[in-house]
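Notes follow once the structure below has been shown.
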Number of protein chains: 2
Amino acid sequence: MPKIGAEPIRKAALINATIFEVGRTGSLDVTVAQIARRAGMSPALAHHYFGSKDQIFLAAMRYILRVYGGSVAERLPGHGTRGRLNAIIHASFAPQNFQRETVSAWVNFYALALINPEAERLLRVYHRRLRSNLILALRPLTDDPARVAETLGALIDGVYLRTVLTRDDVDAAAAEKLIFDYLDEVLS
Amino acid sequence: MPKIGAEPIRKAALINATIFEVGRTGSLDVTVAQIARRAGMSPALAHHYFGSKDQIFLAAMRYILRVYGGSVAERLPGHGTRGRLNAIIHASFAPQNFQRETVSAWVNFYALALINPEAERLLRVYHRRLRSNLILALRPLTDDPARVAETLGALIDGVYLRTVLTRDDVDAAAAEKLIFDYLDEVLS
DNA sequence: CCTGTTCTTGATTGGTTGATCAATTAAAGA
DNA sequence: TCTTTAATTGATCAACCAATCAAGAACAGG
């Protein structure tokens, strides 16, 4: 079985398995053995490719952020005056982001960012990128794009968090509507 | 030493120690032994009073929510037309909420709510109470207090989360200003 | 002084976990 | 064919942990 070129395949499988297991258990309290078994290999191999459990988590977090970034990018520039804005908001409330695995990954990575400097750095990068995307989208629509972007970014995070944490029936459409209502009010 | 009436004192000490240790480590990955030692007793006693580690966490979460609720209540009704509103917002961004222990407790309890039904219930209660407080405060200020309350609540959560997660220098004043700017725009 | 209750812990246990390492298998290259 | 390199795992270890329990210590009430 040992064919050369297994590394990227194994790593991808481990990242998938990590997100799946974090989603299934709802916490970062998953063992390397669980992850490795889910990915169809021995725990020793997982350590071989990633070195430590922390590195596995960070790779999974990078992947989640990359997917989100990609989902924004592929919707840009969009159509119309608010095309860019709509694209970003729509990406943020895409069904993908409400899947159990994604939700759990985000919330737990937030917690991870509190103790792991690299996780914190990744979160910062994500925030910066979202912020500059929003400012670019808002420039033709308001006098103070920076301020509106700051508010809008926080609002997106807050609405997302409340939707996933305190709703049985996740209503992405309602969440989006709340954002657009805000925009209708603040843009004019 | 075994004086009668130790239970509430021991429990309080354990709750304090729990919040301290969760804050220190930045995660829920603290042992009962750590908590008990910090509270100046044996791990066995902690189990004796709370039954399980989960119950200790939930008691700590109840305490955090109660403190926040109290900090809102003691500022109400406030002065002037926006008195109630100012009070709630001011309580949400009080220095206490930016202490390492409090921040870590909140973020980790968010994650806990994903897997522990009782934690989720507690979070729901908090959200409901904040919501009805906001609606009451907004009734004389807008035609649609429910919608503004929903937005404002999410905005408070989002701004708080971003402030504590992606800032080295926590600037509570800037966070508050962002909230008030939103209100100035949407009210009137 | 005696008895029941509360308080308290040391010792223990059954189970788990991240990580290491030697050893095996198979492909690639010369 | 022979050698080097990548892939892969079983076995294992040292550490840690939540929970239990029996037993001791001290107080209150009678």
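Note on naming: letters A, B, ... go to the chains in the order of the sequence lines (proteins, then strands), and numbering restarts at 1 for each one.
Using a 4.0 Å heavy-atom cutoff across all strands shown, A/Thr31 reaches sugar-phosphate atoms only and no base atom. Here A/Phe50 lies out of heavy-atom contact (under 4.0 Å) with every strand.
In this structure, the CG atom of A/Leu14 is 11 Å from the P atom of D/dT8, given to the nearest Å. With rounding to whole Å, A/Leu45 atom CG is found 16 Å from C/dA26 atom P. As a whole-Å value, the separation of A/Met41 CE from D/dT8 P is 8 Å. What separates NE2 of B/His48 from C1' of C/dG10 is a distance of 16 Å, to the nearest Å. Rounding to whole angstrom units, CZ of residue A/Arg37 and P of C/dG18 are separated by 12 Å. In this structure, the CD atom of A/Gln34 is 17 Å from the P atom of C/dG15, given to the nearest Å. Regarding A/His47, its NE2 atom lies at a distance of 19 Å from the P atom of D/dT12, rounded to whole Å. Separating the NZ atom of A/Lys53 from the C1' atom of C/dT20 is a distance of 17 Å, rounded to the nearest angstrom.
If you check residues 15-29 of chain A against DNA chain C, you find no residue with a heavy atom closer than 4.0 Å.
Inter-residue side-chain proximity for A/Phe109 and A/Val22 is flagged as unmet; no heavy-atom pair is nearer than 4.5 Å.
Within the 3.5 Å criterion, the main-chain N or O of B/Ala60 finds no donor-acceptor partner in the side chain of B/Thr18. Within the 3.5 Å criterion, the main-chain N or O of B/Glu21 finds a donor-acceptor partner in the side chain of B/Thr25. A/Asn108 contributes a side-chain N or O that, together with a main-chain N or O of A/Gly26, makes up a donor-acceptor pair within less than 3.5 Å.
By the salt bridge (Lys or Arg N to Asp or Glu O under 4.0 Å) test, B/Lys11 is found to be paired with B/Glu7, residues two or more places apart in sequence or in another chain being considered. Take A/Phe57 and apply the ring pair (Phe, Tyr, Trp, His ring centres under 6.0 Å) test, not counting sequence neighbours, and it matches no residue.
The nucleotide whose nearest atom lies closest to any side-chain atom of B/Ser52 is, among D/dA19, C/dT9, D/dA7, D/dA19. Side-chain proximity of A/Ala44 to D/dT8, D/dG10, C/dC7: nearest is D/dG10.
A close approach under 4.0 Å does occur between a side-chain nitrogen or oxygen of B/Arg10 and OP1 or OP2 of C/dT8. Between B/Tyr49 and C/dC7 there is a side-chain N or O to OP1 or OP2 distance below 4.0 Å.
Both B/Gly40 and A/Val32 sit near DNA chain C, but only B/Gly40 has its closest nucleotide nearer the 5' end.
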>> Please evaluate residues B/Trp106 and B/Tyr126 with respect to the criterion ring pair (Phe, Tyr, Trp, His ring centres under 6.0 Å), reporting the C-alpha separation (whole Å), side-chain torsions for both, the decisive distance (0.1 Å), and the verdict.
In response: CA-CA 12 Å; B/Trp106 273 102; B/Tyr126 147 71; 5.2 Å; yes

